[in-house]
Amino acid sequence: MNCYNCSVVLNEENSSREHIINNSLGGRLKSNKLLCKNCNNIILKPLDDEIEKQLGNLADLLGIKKDRKKKDIRIPLKTKGGKTKYFGSNLRPNHRLIIEDNNGKKTEINVDGDKKFDSLIIAKQKENPKARYIEVVEQPPDELYYYGNTDKPGLVIFGGPVYFRAIAKMAVNFYLFKDYPIRYCKELITIIKGENKDIRCINYYYPTHYFPHTLKENETTHIIHLVGDKKNKILYAYIELFNFENFLIIFSMNYDESDFQETYCYDLRNNTEIEKDIKIKITRDQAEFLYSFSNSEPYQKEHGKKYSRFEKLIGQSQHIYK
């Protein structure tokens with residue numbers, strides 16, 4: 001296998017474990033046959049960082065398990081007046097440990113979870129047996145605090161060129177993980193690299209005339225669905241993150257091999273892969289329309305209407321402390 005970003009031959013020394021969907025979002029499926037260490041850890045790292053910046057706090061807010069855990073989860077929530085408080089996973093109030101040395105100097109440490117206090121205190125006592133250890137738990141605030149990923153309280157905005165490149169990377173990761181021919185990925189790979197600035201093949205996709213799948217109550221999933229359609233000569237992927245960020249990624253408009261479908265669905269609540277019947281209804285004309293219309297202002301407005309799923313997802317959580 002070769003690294004699809006730089007084409008170097010992968011071996012035991014230079015191969016890297018790549019998450020198909022980012023670890024920061026709770027992605028668990030991974031492969032060491034996609035990217036070399038240099039491309040994964042350095043060259044393409046800005047794509048992973050952008051996804052984490054825009055969506056990572058949501059995964060933390062929901063308490064989603066990850067392969068690589070954060071040592072200090074601090075999720076900023078703000079009041080309408082702009083006052084900020086930090087919360088832990090599942091919107092738990094932050095636990096803090098204050099260490100005061102013999103000279104009265106205080107050091108504050110955030111602790112994610114009660115069970116870590118004892119072991120942390122024991123470790124610190126070995127360093128300074130005479131220090132005082134004060135356990136502090138922030139009480140729930142009296143005001144209403146809102147989640148957001150911008151400076152404005154409650155405002156959530158997703159997107160941008162690097163963000164869309166990261167979405168394309170997920171699609172290519174899954175496609176190549178399933179051992180399909182790389183020749184249909186050429187355009188997307190140039191976008192992932194940043195060589196091609198034309199990202200019209202990556203679209204928000206919110207069909208209004210049908211539902212791609214049935215969403216059960218309290219279900220939160222990541223979905224990747226690949227379709228090769230020989231009749232319409234199109235190859236595309238449907239990606240759904242947290243069941244509110246939905247994308248259609250067009251690999252090729254000249255697909256001429258056998259029909260196929262591949263679906264990956266991961267249940268973030270129960271930490272398991274589940275079966276999901278995905279039905280995406282895309283014709284040749286629709287694919288061409290999406291390609292020409294994607295990321296334009298009217299389509300961005302349509303995307304903005306779909307945040308009701310996002311609001312429902314965190315609605316109960318964001319009103320816990322009021």
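Owing to the predicted nature of the structure, the values given are computational and were not obtained by experimental measurement.
- In this structure a side-chain-to-backbone donor-acceptor pair under 3.5 Å is missing from Arg17 to Asn32.
- The minimum heavy-atom distance between Asn254 and Ser252, with the atom names listed, is N-OG, 2.9 Å.
- Of all non-hydrogen atoms in Ile75 and Asn57, the two that sit nearest each other are CD1-O, 4.1 Å.
- Within the 4.5 Å cutoff, side-chain heavy atoms of Phe244 are placed close to those of Phe158.
- Contact annotation: the side chain of Met170 approaches that of Leu25 to within less than 4.5 Å [non-hydrogen atoms, C-beta and beyond].
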- request: Evaluate the criterion side chain to side chain contact (heavy atoms under 4.5 Å, CB included) for residue pair Leu62 and Arg269; output intermediate values, then yes/no.
  value: CA-CA 9 Å; Leu62 295 173; Arg269 301 285 191 177; 4.2 Å; yes

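- Ion pairing between a basic and an acidic side chain is recognised when a charged N comes within 4.0 Å of a carboxylate O; Lys231 and Asp259 show no such pairing.
- Checking side-chain atoms of Arg284 against main-chain N and O of Met253 turns up a donor-acceptor pair under 3.5 Å.
- Taking the six-membered ring for Trp, Tyr180 and Phe174 have ring centres at least 6.0 Å apart.
- Atoms CG and CG, on Leu226 and Leu235 in that order, are 7.0 Å from each other to the nearest 0.5 Å.
- When the ring-ring contact (aromatic ring centres under 6.0 Å, His included) test is applied to Tyr266, no partner is found at least two apart in sequence or on another chain.
- Of the candidates Lys30, Glu18, Lys178, His19, Glu18 is the only one forming a side-chain hydrogen bond (donor to acceptor under 3.5 Å, both in side chains) with Asn173.
- A distance of 9.5 Å separates CG in Asp49 from CG in Asn22, rounded to the nearest 0.5 Å.
- Side chain of Asp267 to backbone of Thr272: no donor-acceptor contact under 3.5 angstrom is found.
- In this structure, OG on Ser16 lies 9.5 Å from CG on Leu10, to the nearest 0.5 angstrom.
- Between Lys83 and Tyr145, the closest side-chain pair of non-hydrogen atoms falls below 4.5 Å.
- Glu273 contributes atom CD, which lies 8.0 Å from atom SG of Cys265 (distance to the nearest 0.5 angstrom).
- Between Phe164 and Phe247, the ring-plane angle classifies as perpendicular under the 30° and 60° cut-offs.
- For the pair Leu241 and Leu55, the minimum side-chain heavy-atom distance is below 4.5 Å.
- By the 4.5 Å heavy-atom criterion applied to side chains, Ile51 and Ser24 are counted as neighbours.
- At distances below 3.5 Å, not a single donor-acceptor pair connects side-chain atoms of Gln261 with backbone N or O atoms of His225.
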- request: Start with the C-alpha gap between Ile282 and Val227, add the side-chain angles, then the distance that decides, and say whether side chain to side chain contact (heavy atoms under 4.5 Å, CB included) holds.
  value: CA-CA 10 Å; Ile282 298 293; Val227 177; over 6 Å; no

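- Put simply, the side chain of Cys3 does not reach to within 4.5 Å of the side chain of Asn40, judged on heavy atoms.
- Counting heavy-atom neighbours within 6.0 Å of Lys193 NZ, excluding the residue itself, gives a total above 12.
- Residues Thr283 and Asn232 have side chains that never bring a donor and an acceptor to within less than 3.5 angstrom of each other.
- If you chain together hydrophobic residues whose side chains sit under 4.5 Å apart, Phe251 and Phe260 fall into the same group.
- Within the model, atoms OH of Tyr163 and CD1 of Ile199 stand 12.0 Å from one another, a figure rounded to the nearest 0.5 Å.
- Minimum interatomic distance between Asn243 and Ile223 (heavy atoms only, all atoms of both residues): ND2-CD1, 4.3 Å.
- Counting heavy atoms from C-beta outward, Leu29 and Tyr264 have side chains that approach closer than 4.5 Å.
- Ile250 approaches Tyr236 most closely through the heavy-atom pair CA-CB, 4.1 Å.
- Side-chain contact between Ile64 and Leu58: absent, with no pair of heavy atoms (C-beta onward) separated by less than 4.5 Å.
- Side chain of Asn14 to backbone of Asn11: a donor-acceptor contact under 3.5 angstrom is found.
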Full working for side chain to side chain contact (heavy atoms under 4.5 Å, CB included) between Arg28 and Lys65: CA-CA 9 Å; Arg28 306 303 284 272; Lys65 293 184 178 180; 4.0 Å; yes

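- A salt bridge links Glu219 with Lys276: at least one charged nitrogen is closer than 4.0 Å to a carboxylate oxygen.
- Between the side chain of His213 and the backbone N or O of Lys279 there is no donor-acceptor pair closer than 3.5 Å.
- Put simply, Tyr210 and Ile278 are part of the same group of oily side chains (I, L, V, M, F, W, Y) that touch within less than 4.5 Å, one to the next.
- Counting heavy-atom neighbours within 6.0 Å of Glu195 CD, excluding the residue itself, gives a total above 12.
- For Asp256 and Lys233, the salt-bridge test fails: no basic side-chain N is under 4.0 Å from an acidic carboxylate O.
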message: Applying side chain to side chain contact (heavy atoms under 4.5 Å, CB included) to Asn38 and Ile43, what does each step give before you reach the verdict?
response: CA-CA 6 Å; Asn38 187 53; Ile43 297 176; 3.3 Å; yes

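- In the hydrophobic clustering of this structure, Ile192 does not group with Val8; members are Ile, Leu, Val, Met, Phe, Trp, Tyr whose side-chain heavy atoms approach within less than 4.5 Å, directly or through other members.
- Counting all heavy atoms, side chain and backbone alike, Pro181 lies closest to Tyr175 at O-OH, 2.7 Å.
- When all heavy atoms are compared, the tightest approach of Ala166 to Leu47 is CB-O, 3.6 Å.
- Taken to the nearest 0.5 Å, the CD1 atom of Ile189 stands 6.0 Å off from the CG atom of Leu176.
- Formation of a donor-acceptor pair under 3.5 Å by the Asn23 side chain with backbone atoms of Lys66 is not found in this model.
- Checking Tyr255 against Asp229 by side-chain atom types alone, no donor-acceptor pair falls below 3.5 Å.
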